[in-house]
Amino acid sequence: MKIWIPSKNETLRTIAGRNDVSVEELLALNPDIAYPDAEIAGRAVYLPDGTGMAARSEASYAMTGGLPTCKVAPTKLLNHWIPLTPLERMAEQEYDVLIIGTGAGGGTVLWRLCQQWRRERKRIGIIERGDSVIPTHARNLSTMNQERLTAYFSYLSRPLPGSEPEYKGARRLFALGGRTLFWYTFSPRMHAWDLAKWPVSVQEMESYYGIAEEVMNVGRSFAEGASFTEILLERLWSRGYSRAAPAPIAADILPQSFGQIHSDVFASSISLLARALNQRPYDLAVNARALQILQENGRVTGVKVAAADKTEYILKAKTVVVCASTFETPRMLLYSGIQNRALGHYLTTHSFVQATGTISTLDFPVPWGPLNIMVPQTQERPYSVLLTGPEAFYWYPVTLERPISSETTVNFYGYGKMEPRYENRISLNYDKRDEYGVPELQVHFSLSDVDWSVVRRMADGVKRIAADAGIRLVSRNSQPPICLTPFGDLHHDSGTCRIGSDPASSAADPYGNIHGVRGLYAADNSVLPYIGAENVTLTTIAQAIRTADHIVRQHGAAVAAREANE
C-alpha cells in the first residue's frame with residue numbers, strides 16, 4: 001500500500017484525480033478523513049496497491065481494443081436530496097446573513113437574497129430546528145388524501161406547550177419547510193382598508209404582493225371549468241354576492257413544456273429553497289436549534305445553536321433574520337435578553353367557524369370537479385367565507401373514483417377579523433424548561449366584545465350563504481352543523497413581533513429590524529401588525545421579500561461607505 005503526503009491546498013478529491021482512483025475508495029482506506037474536500041496538507045493518505053503503475057495502464061489499454069479509456073470525472077457526494085452543511089463547518093464561517101427557520105418567511109428571505117446576490121460573493125446560511133420529513137408539499141404526494149394528510153400532520157406536530165387553557169388548539173411543527181408543508185395554499189391579498197393600518201404604504205405592499213404571487217404561482221384557475229364551482233357562483237351572484245369568486249390558490253398548473261418539469265404543483269417553502277439553490281449556493285443545517293441571539297454594543301453578532309446531541313456552536317453573522325414562528329421568534333428574542341414593551345404582545349389570529357352541508361347534484365353536469373369559492377370580506381362584513389368540496393377540501397388525489405350520487409358535501413370555512421390587543425400575548429415560563437434549558441411559553445389570549453360580535457355575525461352569514469346557494473347544513477362525524485374551532489387550531493397566529501414606527505407599540509421597525517439591535521430582523525407571521533380576514537401566508541411572503549430587499553440595500557450602503565473611506 002502506498003502513502004501520499006499532501007501538500008498545501010490538496011484534498012482527498014484532488015489526490016484521487018491525480019492517482020486515477022475513486023474518491024469512495026480513498027475514503028474507505030482513510031476513515032479518519034471525514035470530508036473529501038477538506039484540506040489535509042501534511043497528513044498521510046493511504047493509496048491502493050498498484051496506483052499509478054505503468055503496467056496497469058498498458059493492461060487497461062489492451063483490454064479496450066486499442067481505444068483510450070474515458071476517465072470518469074470525480075463525483076462530489078450528496079448524502080441528501082438537498083445539500084446540507086454540518087454545524088461544525090458553519091461555525092468556521094462568518095455569514096453576511098444567517099436565517100433562522102425555513103417556513104414561509106425564512107424560505108422567502110433566502111430565495112430573495114440568493115436572487116439579488118446571485119453574482120455577489122456573499123455568504124448566506126439558514127438553519128432549521130427540525131429534520132427533513134418530505135421534499136415537497138404533502139398534497140403533491142400521490143399517497144395522500146385529506147384524511148391521511150391531516151393524520152400525518154398530527155403525527156409530526158405536537159401541542160404547543162403553554163397553550164392551555166386559552167389557546168388549546170395550537171400545535172407546533174419543526175421540519176424543513178415548516179407548516180407550509182401542509183398549508184391549504186389559499187393566497188388572497190389583504191384589502192386596502194386593512195393595509196392602511198400598516199406602517200407601509202398600500203402601493204408598496206401591492207407591488208410586493210405581485211412579486212409574491214409570481215414566485216408562488218398564485219392564480220384563480222385551479223377549478224376552472226368545474227361545474228360544481230360555476231353553478232354555485234351563479235347562484236351566489238344572483239343573490240347579491242357580487243364579489244364571490246374562485247379563491248386564489250398557490251398552485252403551478254401550467255403544462256410541462258420544453259423539458260421543464262412542474263413537480264411542485266402546490267407551493268411550499270421547499271419550492272423557495274429549490275429556487276434559491278438554483279440561483280447560487282448557500283449553507284443549510286437541519287436539526288439545529290437556535291438558542292440565543294448574540295449581540296455586542298447594540299449590534300447582532302451571531303447565534304448560539306445546539307445540535308441534536310446538545311453540542312453547542314456559535315454561528316457568526318453580520319445580519320440575522322429570525323423566522324421561527326409567531327411563538328418561537330419572540331420566545332428566542334425574550335430569552336436572549338431583548339426587551340421592548342411590545343415584544344411578545346398583540347398575539348392575533350382569526351376566529352374560525354366551520355360548517356358542513358349537503359347539496360343536490362341532480363342538475364350538475366358530470367364531471368363536477370372541485371368546489372372552490374371565496375366570499376371576501378367587505379368594510380361592512382368583517383369576515384370572509386370559503387366554500388369547498390366535495391371531499392374535505394378543494395383538492396383530491398387523481399386516483400379517487402367518485403361514484404355518481406344525487407347529493408354531495410359542501411364545507412364552509414369562515415375567517416373573522418380580530419382586534420390586535422396588547423393583552424393577548426406570550427410570556428416565558430421560567431418554572432418549565434425544555435430539554436435545552438430554554439423556558440417554555442405561556443399563552444394569554446381572549447376575545448374582546450367586538451371579536452365575539454364578529455363571531456356571531458359570521459355564523460349568521462354562513463347560514464345565509466348556505467340558504468342562498470341551496471345548501472342544507474347538516475351534522476357530520478358527530479360535529480354540529482356549524483361550530484367555532486378552538487383558538488389556535490387555525491395556525492394564522494401573528495403579531496408578537498409586529499412592525500411599526502413607534503417602539504412603544506411595535507417590536508420591529510417597518511422593515512422588520514428589531515428595535516434597539518442593528519442587523520437583527522424578524523420576517524415571519526409574527527411581524528404582521530394587522531391581518532384582516534384572509535389567510536396570512538401570502539402577506540408574510542410579500543413582507544419577507546420586502547425585508548430581504550432592505551437587507552440587500554443596507555449591505556450595499558455599508559460596502560459603499562467602506563469604499564468611500566479607503
Side-chain angles (χ1 to χ4, degrees), residues 146 150 153-154 157 159-160 162-172 179 182-184 186 188 194 247 326-327 346-358 371 373-378 380-389 392-394 409-421 423-426 443-469 471-495 525 528 530-537:
Q146 184 63 31
T150 302
F153 172 78
S154 298
S157 63
L160 177 69
S163 60
E164 295 278 1
E166 298 168 356
Y167 213 69
K168 62 182 180 180
R171 299 182 72 85
R172 62 183 183 183
R179 289 186 296 193
F182 295 93
W183 74 303
Y184 286 109
F186 289 124
D194 289 320
T326 294
F327 299 106
Y346 297 100
L347 171 62
T348 311
T349 187
H350 292 127
S351 51
F352 187 36
V353 165
Q354 298 187 59
T356 56
T358 60
L371 173 61
I373 293 176
M374 178 178 184
V375 180
Q377 63 153 316
T378 65
E380 296 75 30
R381 186 176 61 236
Y383 58 87
S384 62
V385 179
L386 294 174
L387 287 75
T388 71
F393 232 76
Y394 62 87
T409 302
V410 175
N411 308 285
F412 293 85
Y413 303 96
Y415 303 88
K417 191 183 298 187
M418 291 184 60
E419 296 181 314
R421 294 190 298 130
E423 294 79 11
N424 288 337
R425 69 192 191 283
I426 64 99
V443 180
H444 311 268
F445 186 82
S446 64
L447 269 63
S448 69
D449 291 341
V450 172
D451 297 334
W452 281 118
S453 173
V454 171
V455 171
R456 291 188 291 270
R457 293 176 61 187
M458 181 164 50
D460 290 340
V462 168
K463 294 174 184 177
R464 285 195 303 273
I465 292 172
D468 290 337
I471 300 165
R472 180 171 58 90
L473 296 183
V474 296
S475 177
R476 189 175 64 178
N477 299 328
S478 302
Q479 290 273 29
I482 186 167
C483 57
L484 178 66
T485 306
F487 297 116
D489 181 77
L490 184 58
H491 311 297
H492 288 189
D493 328 289
S494 63
N525 289 8
L528 308 182
Y530 295 92
I531 60 173
E534 292 78 32
N535 185 295
V536 297
T537 304

[X] to [Y] - nearest heavy-atom pair and separation:
X      : Y      : answer
Met374 : Ala247 : CB-CB, 3.8 Å
Phe352 : Met458 : N-CE, 4.5 Å
Ser446 : Asn424 : N-OD1, 2.9 Å
Pro376 : Arg381 : O-NH2, 2.8 Å

Hey, is the main chain of [Y] close enough, under 3.5 Å, to the side chain of [X] for a donor-acceptor pair?
X      : Y      : answer
Asp194 : Ile531 : no
Thr326 : Asp493 : yes
Arg457 : Pro382 : no
Ser384 : Gln377 : no
Ser453 : Asp449 : no
Arg421 : Phe445 : no
Asn477 : Gln479 : no

Do [X] and [Y] come close enough that some side-chain heavy atom pair is under 4.5 Å?
X      : Y      : result
Arg476 : Asn411 : yes
Leu386 : Tyr184 : no
Val454 : Met418 : no
Phe327 : Val443 : yes
Pro481 : Ser475 : yes
Tyr167 : Thr349 : yes

Parallel, tilted or perpendicular: rings of [Y] and [X] (30°, 60°):
X      : Y      : value
His350 : Tyr415 : perpendicular
Trp452 : Phe487 : perpendicular
His491 : Phe153 : perpendicular

Calculate, to the nearest 0.5 Å, the distance between atoms [atom1] and [atom2] belonging to [X] and [Y] respectively.
X      : Y      : atom1 : atom2 : result
Glu423 : Tyr346 : CD    : OH    : 8.0 Å
Glu166 : His444 : CD    : NE2   : 7.5 Å
Arg171 : Ser154 : CZ    : OG    : 5.0 Å
Leu490 : Asn535 : CG    : CG    : 8.0 Å
Leu447 : Glu419 : CG    : CD    : 9.5 Å

*Apply side-chain contact (heavy atoms from CB on, under 4.5 Å) to the pair Ile482 and Lys463, showing each step before the final yes or no.*
CA-CA 9 Å; Ile482 186 167; Lys463 294 174 184 177; 4.1 Å; yes
*Checking side chain to side chain contact (heavy atoms under 4.5 Å, CB included) against Ile471, which of Ile465, Thr356, Thr358, Leu387 comes through?*
Leu387
